[in-house]
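One structure is given here, and the rest of the page talks about it.
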Amino acid sequence: RWGGGAVLKVLGVLLLLGGGGALGLSAAAQLRARTSCLRALAASLTRMEQELTFRLTNTPALFALLARDAAPPCDSFFQRCLAGLADLGEKSVGEIWRGALEESGLPLRQGERQVLQSLGDVLGRYDGEGQNTALRLARTYITRAMEEAEEEQRRLGRMYSVLGLTSGLFLAL
């Protein structure tokens, strides 16, 4: 027979294990989200460069295209950019871009945010070649960050999950 104290102890152990495991899985999920976001951004920047180079797509049409075709969570970023164009004139494309970047909550590090903010300052302000140069530089940086994030995910993702479970087990003991 199980007494009330024993049941509480077992529940406590299970809660500690579950909590530790959840923390570890959450940390691993954050790594996956960042990698996925960077992959979507790299693809979107490539698409932007192609549209500006070969089709000379204007900014509203470009943002509409990317809002429709970009992978999550970048699609919501471009939707915010598109919606922000309603304030064009009162705000520059760069201000709209920066505002959308802040509002979208993309899981990016500071350096990646700065590169994207700098890109926003170029869009709509310079000729096609200037915009394409800025897009190439941003895409190169984001692609490198994506490769590093993929490596970090491979290296640390499983470790975070295991550490979460073992820390829960350690606390339970």
Side-chain angles (χ1 to χ4, degrees), residues 23-161 163:
L23 285 174
L25 292 174
S26 173
Q30 288 175 352
L31 291 175
R32 283 191 305 276
R34 179 169 171 263
T35 302
S36 175
C37 178
L38 290 168
R39 188 177 298 112
L41 271 173
S44 295
L45 294 175
T46 299
R47 180 81 185 264
M48 288 175 76
E49 188 178 350
Q50 292 169 345
E51 289 292 325
L52 290 172
T53 301
F54 301 115
R55 299 186 70 199
L56 303 175
T57 306
N58 64 34
T59 303
L62 182 62
F63 286 163
L65 179 75
L66 292 168
R68 186 189 72 219
D69 294 343
C74 294
D75 57 345
S76 65
F77 165 68
F78 290 112
Q79 288 168 1
R80 284 181 169 84
C81 288
L82 182 61
L85 290 178
D87 297 332
L88 193 60
E90 297 172 21
K91 295 180 180 179
S92 68
V93 172
E95 290 171 324
I96 293 167
W97 178 274
R98 275 192 308 278
L101 190 59
E102 290 172 15
E103 292 172 9
S104 65
L106 297 175
L108 301 173
R109 293 189 175 155
Q110 187 60 33
E112 298 149 6
R113 285 189 183 284
Q114 288 174 339
V115 165
L116 291 175
Q117 287 171 348
S118 298
L119 175 61
D121 292 335
V122 173
L123 294 175
R125 271 182 82 187
Y126 295 98
D127 64 350
E129 188 55 40
Q131 291 182 78
N132 281 334
T133 300
L135 279 164
R136 267 192 302 279
L137 291 172
R139 183 174 41 84
T140 300
Y141 186 92
I142 294 296
T143 301
R144 193 173 321 120
M146 178 192 68
E147 291 165 355
E148 291 170 5
E150 287 172 343
E151 176 59 31
E152 186 178 2
Q153 181 183 344
R154 273 191 297 278
R155 196 168 33 87
L156 298 176
R158 183 169 295 173
M159 183 184 70
Y160 284 163
S161 300
L163 275 175

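If you read the sequence from its start, that first residue is 1, and numbering goes on from there.
Scanning for side-chain contact (heavy atoms from CB on, under 4.5 Å) contacts around Ala40 gives Ala71, Cys74, with sequence neighbours left out. Among residues two or more places apart in sequence or in another chain, the side-chain hydrogen bond (donor to acceptor under 3.5 Å, both in side chains) test is passed with Thr35 by Gln153. With sequence neighbours excluded, no residue satisfies salt bridge (Lys or Arg N to Asp or Glu O under 4.0 Å) with Glu148. Remark: Glu147 engages no residue in a side-chain hydrogen bond (donor to acceptor under 3.5 Å, both in side chains) (not counting sequence neighbours). In terms of the side-chain hydrogen bond (donor to acceptor under 3.5 Å, both in side chains) criterion, Gln114 has no residue partners (sequence neighbours excluded).
Atoms CG and OG1, on Leu88 and Thr59 in that order, are 8.0 Å from each other to the nearest 0.5 Å. Between the CG atom of Leu31 and the CZ atom of Arg154 there is a distance of 12.0 Å, given to the nearest 0.5 Å. To the nearest 0.5 Å, atoms CD (Glu129) and OG1 (Thr133) are separated by 4.5 Å.
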Using atom types as modelled, flag every donor-acceptor pair under 3.5 Å from a side chain in residues 91-106 to any protein atom, sequence neighbours excluded.
{"unit_1": "Ser92", "atom_1": "OG", "unit_2": "Gly94", "atom_2": "N", "d": "3.4"}
{"unit_1": "Ser92", "atom_1": "OG", "unit_2": "Glu95", "atom_2": "N", "d": "3.1"}
{"unit_1": "Glu95", "atom_1": "OE1", "unit_2": "Ser92", "atom_2": "N", "d": "2.8"}
{"unit_1": "Trp97", "atom_1": "NE1", "unit_2": "Leu116", "atom_2": "O", "d": "2.6"}
{"unit_1": "Arg98", "atom_1": "NH1", "unit_2": "Asp121", "atom_2": "OD1", "d": "2.3"}
{"unit_1": "Ser104", "atom_1": "OG", "unit_2": "Ala100", "atom_2": "O", "d": "3.1"}
{"unit_1": "Ser104", "atom_1": "OG", "unit_2": "Leu101", "atom_2": "O", "d": "3.1"}

Report, one line per pair, each donor and acceptor closer than 3.5 Å where one atom sits in a side chain of residues 138-146; sequence neighbours left out.
{"unit_1": "Arg139", "atom_1": "NE", "unit_2": "Glu49", "atom_2": "OE1", "d": "3.2"}
{"unit_1": "Arg139", "atom_1": "NH2", "unit_2": "Glu49", "atom_2": "OE1", "d": "2.9"}
{"unit_1": "Thr140", "atom_1": "OG1", "unit_2": "Arg136", "atom_2": "O", "d": "2.8"}
{"unit_1": "Thr143", "atom_1": "OG1", "unit_2": "Arg139", "atom_2": "O", "d": "2.7"}

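Legend: side chain to side chain donor-acceptor pair (under 3.5 Å) pairs involving residues 64-89, not counting sequence neighbours, sorted by first then second residue: Arg47-Asp69. Evaluation of the salt bridge (charged side-chain N to carboxylate O under 4.0 Å, His left out) test over residues 54-66, restricted to residues two or more places apart or in two chains, returns Glu51-Arg55. Residue pairs meeting the salt bridge (charged side-chain N to carboxylate O under 4.0 Å, His left out) criterion with at least one member in residues 23-34, sequence neighbours excluded, are Arg34-Glu112, Arg34-Glu152.
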**side-chain contact (heavy atoms from CB on, under 4.5 Å) between Leu52 and Leu62, worked out** = CA-CA 8 Å; Leu52 290 172; Leu62 182 62; 4.2 Å; yes
**Item:** Full working for side-chain contact (heavy atoms from CB on, under 4.5 Å) between Leu82 and Leu85
**Value:** CA-CA 5 Å; Leu82 182 61; Leu85 290 178; 4.3 Å; yes
**Message:** Go through it in stages, so that I can follow the logic: the residues are Leu119 and Leu45, the test is side-chain contact (heavy atoms from CB on, under 4.5 Å), and I'd like the CA-CA distance, side-chain angles, deciding distance and then a yes or no.
**Reply:** CA-CA 10 Å; Leu119 175 61; Leu45 294 175; 3.5 Å; yes
**Request:** Walk me through it: do Leu108 and Leu41 pass the test side-chain contact (heavy atoms from CB on, under 4.5 Å)?
**Result:** CA-CA 10 Å; Leu108 301 173; Leu41 271 173; 3.9 Å; yes
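For the pair Ala67 and Phe78, the tightest heavy-atom approach, listed with the atom from each and the gap, is N-CB, 3.6 Å.
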